[in-house]
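Report on the following structure.
Bear in mind the structure is a predicted one, so any value in this text is a computation, not a measurement. Residue numbers begin at 1 in each chain, while the letters A, B, ... track the order of the sequences.
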Number of protein chains: 2
Amino acid sequence: MELYHLRTFVTVAEEGHLTRASERLFTSQPAVSAHIKALEEELGVPLFDRTPRGMQLTAAGKQLLTGARQTLAAASAFQQQARGLQDELIGTVRIGLNTDARFLRLIALQSAVAEAHPQVSLELMAGYTGANLPALRAGKLDASFISGEMDDPAIRSWILCEEELAVAAPTAWRERLAAPDVPMLAEQPWVFTTEDCSHYGVMRALFESHCCSPRKAVLAHQEDALAAMVEGGIGLGIMRLDVVEAGEREGRLHRVPMPLPSVSLRIACLAQREGDPLIQAVLGSLGQVWGVDIVERSAASA
Amino acid sequence: MELYHLRTFVTVAEEGHLTRASERLFTSQPAVSAHIKALEEELGVPLFDRTPRGMQLTAAGKQLLTGARQTLAAASAFQQQARGLQDELIGTVRIGLNTDARFLRLIALQSAVAEAHPQVSLELMAGYTGANLPALRAGKLDASFISGEMDDPAIRSWILCEEELAVAAPTAWRERLAAPDVPMLAEQPWVFTTEDCSHYGVMRALFESHCCSPRKAVLAHQEDALAAMVEGGIGLGIMRLDVVEAGEREGRLHRVPMPLPSVSLRIACLAQREGDPLIQAVLGSLGQVWGVDIVERSAASA
DNA sequence: GAGGCGCCATCAGGATTTCCGATGGCCCGC
DNA sequence: GCGGGCCATCGGAAATCCTGATGGCGCCTC
């Protein structure tokens, strides 16, 4: 039995599905199947029941899951402690993005990290808030930008800034939306985001406070797609104020005069990895880039 | 990084020597060297200083040793918990011996284990008390017969019986040793055992109580060798009473009339493995074979 | 009832990793 | 200066792991 068996066990347990687990583990479905088979044979215990709908933990599998996680956690803590002992920090930090690189000041971040820790590299992975959180939890990301509230105790986050939001409309709708009220906006078609996006929550809150619901014309997973839909006249959408203003200046969008609350842009990581020197390195550089006091863990964990 | 890297790390740390570590790990010296190299590269931390006399832990290596042991302990506990969940116990138990198979009732033990746990096999490894304890600590043995006192808290042991001991002499020395006192015995040549053998302690205690020391004619590592030396007229030796009496009946030995304290024959295992179902299986069978109440761990650990 | 889809297990072949025997380099002791 | 002990490296072999393809089974829909 090796650690990769345990990683596979835990991932399959969480996904309940070999193919999805293989994607998370960056390997193939037959490889994952073989890992589980080998582990079950070595332990002499069936860990999963195979069903047409996927893999279901057996009672024994459920009981063993905690021990598997503890073993992986101990190994992770060992590696983390080793990083704290490196003469010079070495490693790669995978960061999930949720909006455009310029807004996230990624060039400045890259420079700050490269200067402070020459042997640390960043791996920037496109995504959105709703995808980044599960990826964080799954260990696929080391840190991630997210927007909105965060109340999961397993996730630690720090506010970088407040994102001002605005309602964007196609320029052709300028006159009929000169002074709209909320019910009127609800009558318009909307470009939705996924429900796990903070912008969706803001939109929902807007209409719920006036007891009405917006009409969904289309759903866009990415901000670029949403912007394209709005510019193309498909419907209204919620976007960052600076993006809407830039679009308005360039004649591509119209900013609807409707005040919206802001959402917090945050950087997040797993609480248990907060003390990891690699995470600390990135948090330190982010604090520097955004002029924010990101409270660092004491060196006691080192 | 996988568990075998950590096992190698810990073993090399304990041995301070790649070749000895490779023997304990049942692999080759180049393989062990490669494990350490790979681990150091992955962690970005030198774990050992290479010296002409062997491998010496660096400061970082010393700090990381605990974490490595914890990870291995967690993995071991996981496997142990899995064994407790097996429908039928499966596995191999490596038992260190320290005297002859007949005295240790190994045939009865084998039968008892086979009956109670058909899929558990025993692997009986010749040895002696002094070799068995380090082998236990090193994970090379799962359980071990040992003789004498045991005060290491990391080792758990149960008394099976008291070994009566006697002083054996060559038959030709019968008359001159008809009624010897201790100083007289000290004047004779002796066949020593290794210092980590319980018989050695008994011999030492005998003479120290009379402020004298025995003369060492030869040192024998194994009981067979010691018996051969005594029978061959090389010197006196301490042996089990039943063996001396059998030798006397067969005209091969003379029992010197000198009372000795007995030593306890014990079965031992690592304290942390006491709850292991495989260990429990063997302890249960030993209790049955020796008619001894070996207090078993509650099922709470299962 | 049949066909298609989803899911896991297996297979054969290729790729990668690991191991091993041989050997070299360095240091130390005689 | 030489021999021995110890670790690192090398080349080749062995073992392990992965992958694409495919099959079997169950379920769902038509």
Under a 3.5 Å threshold, yes or no: a donor from one side chain and an acceptor from the other, between S144(A) and N98(A)? no
Rounded distance (Å) that lies between atom P of dC18(D) and atom CD of E23(A): 16 Å
Expressed as a whole number of angstroms, how long is the span from E40(A):CD to dC8(C):P? 13 Å
Hits for salt bridge (Lys or Arg N to Asp or Glu O under 4.0 Å) against R20(A), two or more places apart or cross-chain, chain-then-number order -> E15(A)
Any K37(A) side-chain nitrogen or oxygen under 4.0 Å from OP1 or OP2 of dC8(C): no
In whole angstroms, the gap separating P of dC7(D) from CG of L18(B) amounts to 4 Å
I need the full list of salt bridge (Lys or Arg N to Asp or Glu O under 4.0 Å) pairs touching residues 57-83 of chain B, with sequence neighbours left out, sorted by first then second residue. E14(B)-R69(B), R83(B)-D276(B)
Are any of S33(B)'s side-chain N or O atoms less than 4.0 Å away from OP1 or OP2 of dC7(D)? no
Which pairs count as ring-ring contact (aromatic ring centres under 6.0 Å, His included) when at least one residue sits in residues 50-74 of chain B, sequence neighbours excluded? none
According to the salt bridge (Lys or Arg N to Asp or Glu O under 4.0 Å) rule, which pairs have a member within residues 218-228 of chain A, sequence neighbours left out? none
With sequence neighbours excluded, tell me which residues meet side-chain hydrogen bond (donor to acceptor under 3.5 Å, both in side chains) with S198(A). none
Can you check nucleotides 18-22 of chain C for protein contacts, nitrogen or oxygen pairs under 3.5 Å, and list what you find?
unit_1: dT18(C); atom_1: OP1; unit_2: Y4(B); atom_2: OH; d: 2.3
unit_1: dT18(C); atom_1: O5'; unit_2: Y4(B); atom_2: OH; d: 3.3
unit_1: dC19(C); atom_1: OP1; unit_2: H35(B); atom_2: NE2; d: 3.2
unit_1: dC19(C); atom_1: OP2; unit_2: H35(B); atom_2: NE2; d: 2.6
unit_1: dC20(C); atom_1: OP2; unit_2: T27(B); atom_2: OG1; d: 2.9
unit_1: dC20(C); atom_1: OP2; unit_2: S28(B); atom_2: N; d: 2.7
unit_1: dC20(C); atom_1: OP2; unit_2: S28(B); atom_2: OG; d: 2.6

Please list all pairs meeting ring-ring contact (aromatic ring centres under 6.0 Å, His included) that have one or both residues in residues 69-96 of chain A, counting only residues at least two apart or in different chains. none
Separation of dG5(D) P from H17(B) NE2 (nearest whole Å): 9 Å
Euclidean distance, atom CD of residue Q56(A) to atom P of dC8(C) [Å, nearest integer]: 12 Å
Length of the CD1-P vector between I36(B) and dC6(D), whole Å: 17 Å
Whole angstrom is fine here: how far is it from CE in M55(B) over to P in dG5(D)? 19 Å
Identify each atom pair where a protein N or O and an N or O of nucleotides 28-30 of chain D are less than 3.5 Å apart, giving names and distance.
none

Salt bridge (Lys or Arg N to Asp or Glu O under 4.0 Å): pairs with one or both residues in residues 31-45 of chain B, sequence neighbours excluded: E40(B)-R50(B)
Closer to the 5' end of DNA chain D via nearest nucleotide, is it P52(A) or R20(B)? R20(B)
For R204(B), look at atom CZ and say whether over 12 heavy atoms of other residues, nucleotides or ligands are found less than 6.0 Å away. yes
